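Quick notes on the structure that follows.
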2 protein chains.
Amino acid sequence: MESTSPESAAAAGEISDPIHIRRLELSDHERGFVALLSQLSACPDLTASEFATRFAELAAHGDDHVILVAEDPSAPERRILATGCLFVERKFLRGGGKVGHVEDVVVDAAARGGGLGLRIVRRLVDIARDAGCYKVILDCTPELRAYYAKCGFVEKGVQMAVYF
Amino acid sequence: MESTSPESAAAAGEISDPIHIRRLELSDHERGFVALLSQLSACPDLTASEFATRFAELAAHGDDHVILVAEDPSAPERRILATGCLFVERKFLRGGGKVGHVEDVVVDAAARGGGLGLRIVRRLVDIARDAGCYKVILDCTPELRAYYAKCGFVEKGVQMAVYF
């Protein structure tokens with residue numbers, strides 16, 4: 001892990017960075033959150049009701065399920081520019097240990113190259129550490145190994161899947 | 001996926017198979033469940049109270065968190081011979097889709113080679129399908145690719161990790 005957090009990096013010289021990273025809010029349905037996810041995977045839009053239902057289901061997990069989003073508060077519509085998710089899995093092994101799972105990291109095509117995704121992933125890793133997780137894991141394509149290495153991730157295994 | 005489930009295989013000719021696969025119960029703490037997990041990862045024993053607390057936390061997830069165990073009901077102490085876990089992650093993408101995560105699959109060293117692990121994994125995959133998941137994923141070492149291929153899994157990516 002780099003020892004420099006996004007916050008301290010900002011303090012050191014990125015004061016003018018206008019991007020704000022915060023937890024997902026219900027109103028982000030109107031700020032293009034689902035459309036952003038469609039840049040990652042098949043993602044038909046959800047009605048406001050469907051979005052609210054899923055939001056409430058996930059909110060019930062409290063700090064065991066965190067979705068971060070990046071926005072530019074000064075932009076006219078405050079569209080969501082990037083997102084990433086962390087959920088905490090509680091286990092019996094490792095003395096009743098916890099594992100953080102990072103999922104659904106995506107940066108809007110027009111906002112890539114500025115380090116937003118890394119800022120979000122580093123923040124998620126910090127949250128997992130603070131929650132007492134003994135590790136954080138994620139799955140990605142081989143091409144993204146170097147990207148996640150910038151956040152301290154090392155390759156540990158292979159991801160296998162069954163699609164229905 | 002093979003079309004033959006463990007149950008129909010049993011019906012076809014394994015009637016004498018004494019092994020019973022069921023969900024984890026609180027009393028499995030006394031049947032060596034934690035000791036079995038220690039064959040997979042560092043796993044100090046938990047007190048009865050610690051075990052009960054974690055059991056209750058996971059039970060609160062209902063069918064979104066399933067731990068299966070295999071036991072021989074005719075064995076003197078009914079020690080747990082194998083286990084595997086499935087948790088269901090709810091997402092916003094894929095129309096509010098669900099993903100099954102298979103974790104912590106382990107077969108007791110003395111019970112390996114009999115297909116117990118595959119029976120458990122197939123059952124977990126069936127549960128995920130019935131729960132409406134659009135996929136099931138797991139992470140493993142490269143050596144286990146062929147093992148999980150027997151349950152219909154194909155390699156999809158790499159697993160990355162940060163250890164604290």
Side-chain angles (χ1 to χ4, degrees), chain A residues 1 33-34 37-38 40-46 50-51 53-55 57-58 61 65 67 85 87 89-97 99-104 125 128-129 133-142 144-145 148-149 151-164, chain B residues 1 33-34 37-38 40-46 50-51 53-55 57-58 61 65 67 85 87 89-97 99-104 125 128-129 133-142 144-145 148-149 151-164:
Chain A
M1 287 295 299
F33 175 70
V34 178
L37 289 175
S38 74
L40 181 69
S41 181
C43 198
D45 200 8
L46 301 172
E50 289 167 340
F51 189 87
T53 298
R54 180 52 38 99
F55 186 91
E57 286 171 351
L58 297 175
H61 294 298
H65 194 288
I67 297 178
C85 169
F87 64 85
E89 176 204 3
R90 290 164 190 255
K91 291 179 178 282
F92 284 101
L93 51 75
R94 296 264 180 167
V99 171
H101 295 252
V102 168
E103 294 274 339
D104 303 342
V125 169
R129 184 194 293 107
C133 293
Y134 68 89
K135 68 176 178 181
V136 181
I137 60 176
L138 60 81
D139 296 320
C140 64
T141 59
L144 286 172
R145 281 191 196 99
Y148 286 111
C151 304
F153 285 84
V154 295
E155 188 169 351
K156 288 300 290 184
V158 297
Q159 181 205 17
M160 308 285 288
V162 176
Y163 279 79
F164 300 128
Chain B
M1 287 296 298
F33 175 69
V34 177
L37 288 176
S38 73
L40 180 68
S41 181
C43 198
D45 200 10
L46 301 172
E50 289 168 341
F51 190 87
T53 298
R54 179 53 39 98
F55 186 91
E57 287 171 350
L58 297 175
H61 294 298
H65 195 286
I67 296 177
C85 170
F87 64 86
E89 177 204 1
R90 291 164 190 255
K91 291 179 178 283
F92 284 101
L93 50 76
R94 296 264 181 168
V99 171
H101 295 253
V102 169
E103 293 275 340
D104 303 341
V125 169
R129 184 195 293 107
C133 293
Y134 69 88
K135 69 176 178 181
V136 181
I137 60 177
L138 60 80
D139 296 319
C140 64
T141 59
L144 286 172
R145 282 191 195 98
Y148 286 111
C151 303
F153 284 84
V154 295
E155 188 170 351
K156 288 300 291 183
V158 297
Q159 181 204 19
M160 308 285 288
V162 175
Y163 280 79
F164 300 128

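The shown structure was predicted, so the numbers you read here are calculated from the model rather than taken from an experiment. As a basis for the values below, the full set of heavy atoms in this structure was taken, side chains included, without hydrogen atoms, waters or symmetry mates.
- Here the closest heavy-atom approach between residue Cys151(B) and residue Val162(A) is recorded as O-CG2, 4.0 Å.
- When each of Lys135(A), Arg54(A), Lys156(A) is checked for heavy-atom pairs under 4.5 Å with chain B, Arg54(A) comes out on top.
- Counting heavy-atom pairs closer than 4.5 Å to chain A, the top-ranked of the candidates Ile67(B), Leu144(B), Leu46(B), Thr141(B) is Leu46(B).
- Remark: Thr53(A) pairs with no residue by the side chain to side chain donor-acceptor pair (under 3.5 Å) rule, at least two apart or across chains.
- Of the listed residues (Tyr134(A), Phe92(A), Tyr163(A), Tyr148(A)), the greatest number of heavy-atom pairs within a distance under 4.5 Å of chain B belongs to Phe92(A).
- Qualifying side chain to side chain contact (heavy atoms under 4.5 Å, CB included) partners for Ser38(B), counting only residues two or more places apart in sequence or in other chains: Cys43(B).
- Proximity to chain B is absent for every atom of Val34(A), based on heavy atoms less than 4.5 angstrom apart.
- Heavy-atom minimum distance, Glu50(A) versus Asp45(A): OE1-O, 4.4 Å.
- Using a 4.5 Å cut-off between heavy atoms, Glu57(A) contacts chain B through its side chain alone, with no backbone atom that close.
- At a 4.5 Å heavy-atom cutoff, the contact between Leu40(A) and chain B is made by side-chain atoms alone.
- Only the side chain of Leu58(A) comes within less than 4.5 Å of a heavy atom of chain B; its backbone N, CA, C and O stay farther away.
- For the set Arg145(B), His61(B), Glu89(B), His65(B), the count of heavy-atom pairs under 4.5 angstrom toward chain A peaks at Glu89(B).
- When every heavy atom of Pro44(B) is checked against every heavy atom of Ala42(B), the shortest pair comes out as CD-C, 3.9 Å.
- Residue Phe87(A) touches chain B through its side chain alone, counting heavy-atom pairs closer than 4.5 Å.
- Between the CZ atom in Arg94(A) and the SG atom in Cys133(A) there is a gap of 12.0 Å [rounded to 0.5 Å].
- Only the side chain of Phe33(A) comes within contact range of chain B, judged by heavy atoms closer than 4.5 Å.
- Summarising the geometry of Cys140(B) relative to Met160(A), their closest heavy-atom pair is SG-CG, 3.7 Å, with the distance given to 0.1 Å.
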